[in-house]
Amino acid sequence: MADTFYVTTPIYYVNDKPHIGHAYTSMAADTLARWHRSLGEDVWLLTGTDEHGLKIEQAARASGVTPQQHADRYSQRFRDLWPVLDVAYDDFIRTTEPRHEQVVAAMWERMEAAGDIYLGQYEGWYSVGDEAYFTEDELVDGKAPSGHEVSWVVEPSYFFRLSKYGPALLEHFEKHPEFVRPVTRLNEIKRFVEQGLQDISISRTTFSWGVQAPGTDDHVVYVWLDALTNYISALGGPAGEQYARYWPASVHLIGKDILRFHAVYWPCFLMSAGLPLPRQVFAHGWWTIDGQKMSKTLGNVVDPIDMAQRYGADAFRYFLLREVTFGSDGDFSERALRDRINGDLANGLGNLLNRTLGMLKRYRGGVVPAPGASGAEDEALLAAWGTARADLLSAMDDLAFNKALAAIWTLVGAGDKYVDSTAPWTLAKQGADARLDTVLYNLIETLRVIGVWTLAFLPNKAADVLDRLGVPADLRDVPSTAEWARLPTGGDTTVGDPLFPRLEAPEASEAPAPKKPAKQPKAPKQKQAQQPKPSAKKAEAPADGTIAYDDFAKLQLRVARVVTAERHPDADRLLKLTVDAGEPEHRTVCAGIAEAYAPDDLVGRTVVLLANLAPRKIRGVMSQGMLLAAGDGADIQLATVPGDLPPGTAIS
RNA sequence: GGCUUCGUAGCUCAACUGGUUAGAGCGAGCGGCUCAUAACCGCUAGGUUCGGGGUUCAAGUCCCUGCGAAGCCA
């Protein structure tokens, strides 16, 4: 029987709007699930929504619907999100489902049977206006933070003997130091438990939207006891078949804000109920946005659907898992995202695929050739494969997604180096057919291995890679990459469009991304006027690609006259021109027209210059603008204007 | 206030239980190549490892202290 792997996300609170944090946890969980599935394990991925509690009751009342209607509506938002992000869960649990409520009641009864539940009194500062309790230090000038009056209220409540389980929990930490990850979180929790645990209230009578506590008629089960139980209720509870198969969970993935509930309350509840504890609770960090805390008031909340639509779910996921250590906090910015996409995905993986398939098509008609004898370059490539594989496997065991991806990308780098050192184009010219076959085969196999390894991270793009390579279904799992040269020869491949097109910086002004807003000495009277806010992206192009006139008006097109022209010293396809655009100084412009125009033919011509393009160094030559032209390669035609307009004339 | 982490090249981060010239990616500079998505490959960048003190044959890596940052304390 295959090993089982049961991974959970938290159940998300239905009042929340899905944001980057939810997406992060779930994408990580999905990646882990795909990885273990690829290893051949029997995997179960659970997610869901948390739908009980006073706040839900209040929110529903405020919008004039029943709590259930409210929960239905908002639960659906999460259910709709996951397919967009390729989160393929096996079950979606809702705390308002009967299958869940039954198990909550069963948990209560087990804990009660263990003698761990007793009736007591819950007391604290209660605000009628907020319908909530506050602790002494939460009070502001003796009032609730909202400003409402508070009074000392006592209500009957059932308590759980949490205090009884402190020693057992500490012992569990000793025996299973991997129970809480990362270690710094384990330390925090240990200290907390060592201080001594107090019994906790597990029922309320001040609201009714929840699971009724067994044996009572006006007590509702405390929301955390209710919510945490989802991890077993979704399996059918202690008597369920799925429970027998998957419990205890391999890992609960959570955000660090809910660590205590998962690392203290939940294991104690389980101990009381006589049930095994999950193997691990892994708390990941938070994302800041452009260096700032995410908050509604700042308006910098990152919408995962927006990111998936604009950059692709694969790239978004890649970034989140590659950028920071899982467990630490990280900073999200679109600039960093673009850098990752361009550097790792486009220039790295995408380009390696593109150049390999291009050569295979050109030299071998796209058919996978049979490899021959190995040389030194091949040994280096295979060594890189072996190292990457070992690093990858251990990183995934530790949930070190960033290390795992770094390991995979060392193989991408090794592939590029292999191309460089074997120079297939030279082999082709020399007619070294056997060697060329070997090189091309090894490249294809390298990409197959990379494709398989990245399936868990880039579900769509990696499948695309494997499809283009013509990899059969049985060579798409991780074990199939433990041995080199598994891919059969003779298969057809498809080149296709670039896997990840390069992204250009959307606005030149944003490109250098000044760290501190005010560093250039500016004229004081300008008062730092309109700092271009990255979030002010209202002028996004609509889906059909039409743009507003204002967008067009940003382009400064001018008539220009070619003054000098010469071949670019370092690029076969480029010409280096100087043009007169009606300005005091002539401008230098690089243009990719060397295959269509001889330098001498251009001097004196009238052309169209995009004058306000950000200057850019191209192969060592600073280009201050761009000439408009139609076509490409040898069939390119420069755009021009008839008549005798003077240089500098604006075109609009 | 107590406890726990952390402060390493311009940026983001590595360096297992203390041990050869402190590493990688990005950025920058120089060179190479032309199969490729202005891509790719190579070389270079010489950073008082936050400051100070100590232990040791040897410290980024342990101890003390100052400064700074983050997290936990129901």
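The basis for the numbers below is simple: all heavy atoms, side chains too, and nothing from hydrogens, waters or symmetry mates. To find a chain, count down the sequence lines: A is the first, B the second, and so on, and within it residues start at 1.
Pairing for A14(B) is absent, judged as Watson-Crick or G-U wobble with the two contacts each under 3.5 Å. Under the Watson-Crick or G-U wobble criterion, with both distances below 3.5 Å, U61(B) is left unpaired in every strand shown. Under the Watson-Crick or G-U wobble criterion, with both distances below 3.5 Å, G47(B) is left unpaired in every strand shown. Nucleotide G68(B) forms a pair with C6(B), judged by Watson-Crick or G-U wobble geometry with both contacts under 3.5 Å.
Within the nucleic acid shown, Gly350(A) comes within 4.0 Å of at least one base atom, counting heavy atoms only. Base engagement by Asn351(A) is indicated by at least one non-hydrogen atom pair under 4.0 Å involving a base atom. Looking at heavy-atom distances under 4.0 Å, Ile189(A) makes no contact with the nucleic acid at all. Gly496(A) comes within 4.0 angstrom of no nucleic acid atom, judged by non-hydrogen atoms across all strands. At a threshold of 4.0 angstrom between heavy atoms, the contacts of Asp339(A) with the nucleic acid are absent. Across all strands shown, Pro424(A) has no heavy atoms under 4.0 Å from either base or sugar-phosphate atoms.
Nearest nucleotide to the side chain of Leu162(A), out of C41(B), A74(B), C35(B): A74(B). The side chain of Lys256(A) approaches G71(B) more closely than any other nucleotide in the set G71(B), C41(B), U37(B). Checked against G42(B), A74(B), U37(B), the side chain of Lys417(A) finds its nearest nucleotide in G42(B). Among the nucleotides A74(B), C35(B), C3(B), the one closest to any side-chain atom of Arg191(A) is C3(B). For Asp420(A), counting side-chain heavy atoms from C-beta on, the closest listed nucleotide (C72(B), C41(B), U37(B)) is C41(B). For Arg185(A), taking side-chain heavy atoms from C-beta onward, the closest of the listed nucleotides G71(B), C35(B), C41(B) is G71(B). You'll find that the side chain of Glu188(A) is closest to G71(B), out of G71(B), U37(B), U5(B). The side chain of Arg362(A) lies closest to C35(B), out of G71(B), C72(B), C35(B). When each of U4(B), U37(B), A74(B) is scored by its nearest atom to the side-chain atoms of Leu197(A), the top-ranked nucleotide is A74(B). Relative to the side chain of Asn347(A), the nucleotides U37(B), U5(B), A74(B) differ in distance, and U37(B) lies closest.
Going from atom CG of Leu411(A) over to atom C1' of A24(B) covers 17 Å, rounded to whole Å. Atom NZ in Lys403(A) sits roughly 10 Å away from atom C1' in C16(B) (whole-Å rounding). Separating the CG atom of Asn442(A) from the C1' atom of C35(B) is a distance of 16 Å, rounded to the nearest angstrom. If you measure from atom CG of Leu499(A) to atom P of C40(B), you get 15 Å, rounded to the nearest angstrom. In this structure, the OH atom of Tyr441(A) is 25 Å from the P atom of C35(B), given to the nearest Å. Atom-to-atom, CG of Leu427(A) to C1' of C33(B) comes out at 14 Å; the value is rounded to the nearest Å. Between the OH atom of Tyr122(A) and the C1' atom of A74(B) there is a distance of 9 Å, rounded to whole Å. Look at CG on Asn354(A): it is 18 Å from P on U34(B), rounded to the nearest Å.
Exactly one of Thr422(A), Asp437(A), Asp378(A) qualifies for a side chain to side chain donor-acceptor pair (under 3.5 Å) with Asn442(A). That residue is Asp378(A).
Put simply, the side chain of Arg355(A) and the base of C35(B) share a donor and an acceptor less than 3.5 Å apart.
Using a 30° and 60° split on the angle between ring planes, Phe179(A) and His172(A) fall in the perpendicular class, above 60°. Between Phe261(A) and Tyr265(A), the angle of the ring planes goes over 60°, which puts this pair in the perpendicular group of the 30/60° scheme. Ring-plane geometry between Phe269(A) and Phe160(A) is classed as perpendicular, the angle between the planes exceeding 60 degrees on a 0 to 90 degree scale with a lower cut at 30.
Going from the P atom of G47(B) to that of G42(B) covers 24 Å, rounded to whole Å. Taking atom C1' on both nucleotides, C6(B) is separated from U61(B) by 14 Å, rounded to a whole Å. C73(B) and A58(B) have their P atoms separated by 43 Å, with the value rounded to a whole Å. Comparing A15(B) with C50(B), their P atoms are spaced 15 Å from each other, to the whole Å. Comparing A69(B) with U8(B), their P atoms sit 14 Å apart, to the nearest whole Å. To the nearest whole angstrom, the two C1' atoms, one in G18(B) and one in G54(B), are 15 Å apart. For the P atoms, the distance from A24(B) to A45(B) is 11 Å, rounded to whole Å. Nucleotides U37(B) and G23(B), compared at atom P, are 36 Å apart to the nearest Å.
The 5' end of RNA chain B is approached more closely, in terms of each residue's nearest nucleotide, by Asp344(A) than by the other of Asp344(A) and Gln195(A). For the pair Thr356(A) and Glu323(A), nearest-nucleotide mapping onto RNA chain B gives the more 5' position to Glu323(A).
Salt bridge status for Asp497(A) with Arg468(A): absent, with no side-chain N to carboxylate O gap under 4.0 Å. Salt-bridge formation is not detected for the pair Asp398(A)/Arg181(A): no Lys NZ or Arg NE/NH1/NH2 atom is positioned less than 4.0 Å from an Asp or Glu carboxylate oxygen.
Between C73(B) and Arg260(A), a contact under 4.0 Å exists linking OP1 or OP2 to a side-chain N or O.
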For the pair Phe326(A) and Tyr24(A), evaluate ring-ring contact (aromatic ring centres under 6.0 Å, His included) and give the outcome as yes or no after the intermediate values. CA-CA 10 Å; Phe326(A) 197 59; Tyr24(A) 185 44; 5.6 Å; yes

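Taking both residues in full, the closest heavy atoms of Pro424(A) and Val419(A) are given as CD-O, 3.4 Å, listed atom of the first, atom of the second, then distance.
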